[in-house]
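Computed over heavy atoms, backbone and side chain alike; hydrogens, waters and symmetry mates excluded. By convention in this document, chain letters (A, B, ...) are assigned in the order of the sequence lines, proteins followed by strands, and residues within each chain are numbered from 1.
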There are 2 protein chains.
Amino acid sequence: MQNATLERTLTAKRISPTAMRLRVLEYLVSREAAVSLADVEKGLAHTDRITVYRTLKTFEEHHLIHSIEDGTGATKYALCADDCRPGTHHHDLHIHFYCRQCEETTCLPRTAIPALQLPGGYTAEEMSLTVKGICHKCSQP
Amino acid sequence: MQNATLERTLTAKRISPTAMRLRVLEYLVSREAAVSLADVEKGLAHTDRITVYRTLKTFEEHHLIHSIEDGTGATKYALCADDCRPGTHHHDLHIHFYCRQCEETTCLPRTAIPALQLPGGYTAEEMSLTVKGICHKCSQP
DNA sequence: AAGAAATTTGCATAACCGGTGCAAATTAGG
DNA sequence: CCTAATTTGCACCGGTTATGCAAATTTCTT
């Protein structure tokens with residue numbers, strides 16, 4: 001992806017486009033599956049783990065990425081959909097699929113979570129639905 | 001709860017009723033919300049963290065309790081419903097509710113997860129749905 | 001363009017959670 | 001009651017998340 005495009009992606013979310021952040025974002029868009037902090041650290045040479053950690057936190061605060069708990073112990077991160085801006089941010093209202101074969105976690109944006117009827121008095125603000133199984137790539141014969 | 005009742009609960013799941021396990025189980029049934037390893041450690045005096053850890057693992061293996069990832073970083077545990085025995089164990093197929101006010105996680109067994117239609121090629125084996133918001137206790141005026 | 005202010009980065013360091021190996025203590029079995 | 005198996009407690013390890021602080025970079029102002 002063009003550097004100018006990455007830069008516009010950051011400024012659109014009101015994130016100062018520093019060299020570090022451009023590198024992390026470039027890595028994120030190059031990966032299809034959700035990535036962990038360790039993944040980014042390994043994928044980018046000569047980077048400080050703490051800086052990557054804070055970069056991801058900044059991205060998350062500005063709703064450029066969202067975090068995923070897939071049960072592996074390490075928090076994963078994935079780019080938000082384009083229409084995921086503050087105010088209409090739907091808090092990851094899609095399924096996260098963890099494949100126990102390839103051990104990758106992916107977002108399934110086209111699979112909406114059906115509306116739930118919570119017991120009286122309960123108010124839902126966010127929800128996360130993680131499904132574990134075999135993904136379509138690993139199901140190929 | 002009577003000690004004999006606790007003991008029967010353990011033996012029914014084929015767990016040897018040692019003193020340690022009876023104490024941990026007594027603590028679990030006394031708590032309404034899901035508890036973390038640290039909670040049990042703090043709730044019971046003169047206990048070794050590792051022993052509690054392994055006790056919880058044993059309980060989980062024998063389907064007496066199930067683990068919950070509520071996004072707080074620490075794994076929580078809650079007693080399984082009575083009909084949750086091996087074979088018909090439904091892998092926590094109910095909603096887990098995390099209240100950001102009281103910071104407690106509870107099971108909502110009467111709120112079933114609606115069936116999902118996954119994209120082609122994907123096979124679901126387990127799933128977990130965690131809802132974050134305000135619980136009925138913290139909604140009281 | 002230059003200098004000051006604010007932000008970002010990198011290093012040290014630590015808290016916390018989950019986990020393993022091994023020897024002592026406890027429980028179960030004959 | 002004595003032996004074998006299980007359980008418990010201590011020492012210790014590793015990974016992830018996190019904070020404080022000084023240096024470097026970026027942004028703002030003149």
Side-chain angles (χ1 to χ4, degrees), chain A residues 3-4 6-8 10-27 34-62 64-78 98 103 105, chain B residues 3-4 6-8 10-27 34-62 64-78 98 103 105:
Chain A
N3 203 283
L6 296 171
E7 204 166 317
R8 256 182 281 121
L10 289 178
T11 51
K13 300 280 186 180
R14 288 171 182 69
I15 303 168
S16 308
T18 67
M20 183 80 225
R21 289 169 179 168
L22 287 168
R23 293 178 64 207
V24 173
L25 176 59
E26 186 176 28
Y27 179 76
V35 298
S36 67
L37 170 57
D39 289 333
V40 184
E41 195 196 352
K42 282 169 203 151
L44 300 177
H46 314 297
T47 49
D48 180 57
R49 196 169 32 89
I50 310 300
T51 304
V52 175
Y53 166 75
R54 281 191 274 222
T55 300
L56 292 172
K57 284 287 176 193
T58 302
F59 284 5
E60 189 184 10
E61 282 164 17
H62 288 78
L64 177 58
I65 62 178
H66 59 271
S67 62
I68 308 164
E69 302 288 337
D70 62 2
T72 59
T75 306
K76 302 263 172 70
Y77 299 91
Y98 174 78
E103 295 179 343
T105 300
Chain B
N3 202 285
L6 295 172
E7 206 165 315
R8 256 182 283 120
L10 289 178
T11 52
K13 299 282 184 177
R14 288 170 182 70
I15 303 168
S16 309
T18 66
M20 182 80 226
R21 290 169 177 168
L22 286 168
R23 292 178 64 208
V24 173
L25 177 59
E26 186 176 29
Y27 180 76
V35 298
S36 67
L37 170 58
D39 289 334
V40 184
E41 196 195 352
K42 283 168 203 153
L44 300 178
H46 314 297
T47 50
D48 180 58
R49 209 191 88 253
I50 309 299
T51 305
V52 175
Y53 166 75
R54 280 190 274 223
T55 300
L56 291 172
K57 284 288 176 195
T58 302
F59 284 5
E60 190 184 9
E61 282 164 18
H62 288 77
L64 177 58
I65 62 178
H66 60 271
S67 62
I68 308 165
E69 301 287 337
D70 63 2
T72 60
T75 305
K76 302 264 173 70
Y77 299 90
Y98 173 79
E103 295 179 341
T105 300

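For G73(A) and A19(B), each mapped to the nucleotide of DNA chain D holding its nearest heavy atom, the one lying further toward the 5' end belongs to A19(B). Both Y77(B) and P17(B) lie near DNA chain C, and the one whose nearest nucleotide falls closer to the 5' end is Y77(B).
Spacing between atom CD of E61(B) and atom P of dT6(D) amounts to 14 Å, rounded to whole angstrom units. To the nearest angstrom, P of dC17(C) lies 9 Å from CD of E41(B). Note: CG (L10(A)) to P (dT8(C)) measures 12 Å, nearest angstrom. Atom-to-atom, CD1 of I15(B) to C1' of dT27(C) comes out at 16 Å; the value is rounded to the nearest Å. Going from atom CD of E69(B) over to atom P of dT17(D) covers 12 Å, rounded to whole Å. Going from atom CG of L22(A) over to atom P of dT8(C) covers 13 Å, rounded to whole Å. If you measure from atom CG of L25(A) to atom P of dT8(C), you get 16 Å, rounded to the nearest angstrom.
The residue S16(B) sits close only to the backbone: its heavy atoms come under 4.0 Å of sugar-phosphate atoms, none of a base. Using a 4.0 Å heavy-atom cutoff across all strands shown, T58(B) reaches no nucleic acid atom at all. Note on S36(A): nothing from the nucleic acid sits closer than 4.0 angstrom, heavy atoms only.
In this structure, the separation between CG on D39(A) and NZ on K76(A) is 7.0 Å, given to the nearest 0.5 Å. Here L44(A) contributes atom CG and M20(A) contributes atom CE; the two are 6.0 Å apart, rounded to the nearest 0.5 Å. To the nearest 0.5 Å, atoms OG1 (T58(A)) and CD1 (I15(A)) are separated by 7.0 Å. The structure places NZ of K42(B) at 11.5 Å from OG1 of T47(B), a figure rounded to the nearest 0.5 Å.
Close to dT7(C), at under 4.0 Å from its OP1 or OP2, lies no side-chain N or O of T18(A). Contact annotation: K57(A) side-chain N/O to dA18(D) OP1/OP2 distance is under 4.0 Å.
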(request) Please report the C-alpha distance between L25(A) and T55(A) in whole Å, then the side-chain angles of each, then the deciding distance to 0.1 Å, and finally whether the side-chain contact (heavy atoms from CB on, under 4.5 Å) criterion is met. (result) CA-CA 9 Å; L25(A) 176 59; T55(A) 300; over 6 Å; no
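Residues of residues 46-56 of chain B having a heavy atom closer than 4.0 Å to DNA chain D, listed by number: D48(B), I50(B), T51(B), R54(B).
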